[in-house]
Undergrad: 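My questions will all concern the structure given below.
Note that this is a predicted model, so its numbers are computed, not measured. First the proteins, then the strands, lettered A, B, ... as listed; each starts at 1.
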Protein chains: 2
Amino acid sequence: MANPLESRFATAEIAAAEQYLDHDPPTELDPRVERLVNELIGRVADKWTMLILELLEERGTLRFTEVGRAVEGISQKMLTQTLRQMERDGLLTRTVHPVVPPRVDYALTPLGNSLSAAFCGVWVWAERNLATVEDARARFDARDA
Amino acid sequence: MANPLESRFATAEIAAAEQYLDHDPPTELDPRVERLVNELIGRVADKWTMLILELLEERGTLRFTEVGRAVEGISQKMLTQTLRQMERDGLLTRTVHPVVPPRVDYALTPLGNSLSAAFCGVWVWAERNLATVEDARARFDARDA
DNA sequence: TGCCATAGGCACCCAAAGGTAAGAAATGGC
DNA sequence: GCCATTTCTTACCTTTGGGTGCCTATGGCA
């Protein structure tokens with residue numbers, strides 16, 4: 001495989017992630033704020049959320065069933081639920097067209113785009129270190145077989 | 001609050017994340033590899049894993065009870081379980097000192113450090129956009145009260 | 001003699017996440 | 001007049017995550 005997974009991100013998207021990389025040295029922080037951030041990360045680091053985020057990032061506006069088909073293995077219930085949460089958090093917009101049969105479009109907001117950029121590093125890490133992790137697991141499992 | 005949460009990362013750590021930001025334009029990818037990456041992300045994006053990762057990143061080597069005290073709200077069971085998984089994945093080393101009472105040290109491996117760097121962008125995003133998300137939620141909830 | 005501290009293992013139990021399935025609403029096409 | 005289509009909602013049931021409590025080993029110390 002000459003071209004690994006990291007190619008899933010366009011150069012422009014990766015460049016956009018750079019805005020998250022210029023900061024000051026560490027200090028102490030408000031524990032209330034820390035709890036909120038932890039809660040937010042827990043919310044947003046969800047499996048389905050990450051997959052839908054990436055999907056809309058690379059394919060643009062999609063309707064309900066298109067997302068459902070693209071995100072392999074998701075049930076209708078989780079699809080609705082995840083999309084609703086993401087809409088509530090301001091990550092995507094939900095546009096209902098008053099036609100029959102119903103048509104609903106989903107697209108990322110700028111906030112959603114920025115989160116996608118922030119997650120970019122994690123995707124790249126995962127695809128780069130996939131083999132390393134599998135090696136580590138094999139060695140760990142062999143240790144006390 | 002003059003100095004926001006992003007200060008939790010030292011400048012050097014943030015700089016280390018930059019290695020994840022130079023890549024080629026997107027192409028298609030092997031669905032088998034994609035599934036593996038998704039599984040790995042699901043494993044690693046776990047709440048306790050992220051908290052322990054960040055803790056060891058900023059405080060270095062810690063023993064079992066120290067991690068337990070620092071990660072607020074974690075049960076002993078989840079602590080053991082999460083540490084064991086992270087060790088299996090090669091993210092940290094577990095050093096047992098044959099003394100009484102037992103003493104076990106945990107420290108990140110270079111792989112663990114690199115994952116921490118990759119997650120850095122997500123932490124920064126969360127602390128930057130905390131208020132934005134809360135606003136979005138408030139507006140969403142008010143829409144159909 | 002007997003209690004404490006440390007890093008777990010193990011078993012039981014509850015709550016929550018998530019899957020399955022059925023139904024609703026509206027209308028153009030047959 | 002009936003059916004298909006699309007985007008959900010709701011009810012029900014199973015699976016999993018995670019908590020609690022009890023167990024161990026051993027040397028130091030009161």
Undergrad: What donor-acceptor contacts under 3.5 angstrom involve side-chain atoms of residues 68-79 of chain A, with partners at least two apart or in another chain?
TA:
from	atom 1	to	atom 2	distance (Å)
A/Ser75	OG	A/Met78	N	3.3

Undergrad: Give every residue pair that meets the side chain to side chain donor-acceptor pair (under 3.5 Å) criterion with at least one member in residues 90-107 of chain A, sequence neighbours excluded.
TA: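 Counting only pairs at least two positions apart or across chains, the side chain to side chain donor-acceptor pair (under 3.5 Å) contacts touching residues 90-107 of chain A are A/Arg94-A/Tyr106.
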
Undergrad: Below 4.5 Å, heavy atoms only, C-beta onward: do B/Val133 and A/Leu111 meet side chain to side chain?
TA: yes

Undergrad: Going by the rule side chain to side chain donor-acceptor pair (under 3.5 Å), which residues pair with B/Thr82 if we only count those two or more places apart in sequence or in a different chain?
TA: none

Undergrad: When you compare the side chain of A/Thr80 with that of A/Phe64, does any pair of heavy atoms fall below 4.5 Å?
TA: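 Yes, their side chains come closer than 4.5 Å.
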
Undergrad: Could you list all N or O pairs between the protein and nucleotides 1-11 of chain D that sit under 3.5 Å apart?
TA:
from	atom 1	to	atom 2	distance (Å)
D/dT6	O3'	A/Arg63	NH2	3.2
D/dT6	O3'	A/Pro102	O	2.9
D/dT7	OP1	A/Arg63	NE	3.0
D/dT7	OP1	A/Arg63	NH2	3.0
D/dT7	OP2	A/Thr65	N	3.4
D/dT7	OP2	A/Thr65	OG1	3.0
D/dC8	OP1	A/Arg84	NH2	3.0
D/dC8	OP1	A/Arg94	NE	3.4
D/dC8	OP1	A/Arg94	NH2	2.4
D/dC8	OP2	A/Tyr106	OH	2.5
D/dC8	N4	A/Gln76	OE1	2.8
D/dC8	N4	A/Gln76	NE2	3.2
D/dT9	OP1	A/Arg84	NH1	3.3

Undergrad: Is any side-chain heavy atom of A/Asp46 closer than 4.5 Å to a side-chain heavy atom of A/Gln85?
TA: no

Undergrad: Taking C-beta and beyond as the side chain, do B/Trp123 and B/Met50 meet within less than 4.5 Å on heavy atoms?
TA: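 The answer is yes; the side chains approach within 4.5 Å.
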
Undergrad: What are the bounds, 5' to 3', of the part of DNA chain C that sits under 4.0 Å from heavy atoms of chain A?
TA: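 The contacted stretch runs from C/dG18 to C/dT27.
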
Undergrad: Note the angle between the end axes of the helix from C/dT1-D/dA30 to C/dC30-D/dG1, five pairs defining each, rounded to 10 degrees.
TA: 30°

Undergrad: Do other residues, nucleotides or ligands put more than 12 heavy atoms under 6.0 Å from A/Arg137 CZ?
TA: yes

Undergrad: Reading DNA chain C from 5' onward, which residue's closest nucleotide shows up sooner: A/Val99 or A/Asp46?
TA: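 So the residue in question is A/Asp46.
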
Undergrad: Flag the pair B/Ile52 / B/Leu56 as yes when at least one side-chain heavy-atom distance between them is below 4.5 Å, and no otherwise.
TA: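 With C-beta onward as the side chain, the pair touches.
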
Undergrad: Quick one: do A/Asp135 and A/Arg139 satisfy side-chain contact (heavy atoms from CB on, under 4.5 Å)? Show the steps, please.
TA: CA-CA 6 Å; A/Asp135 277 11; A/Arg139 258 179 287 112; 3.8 Å; yes

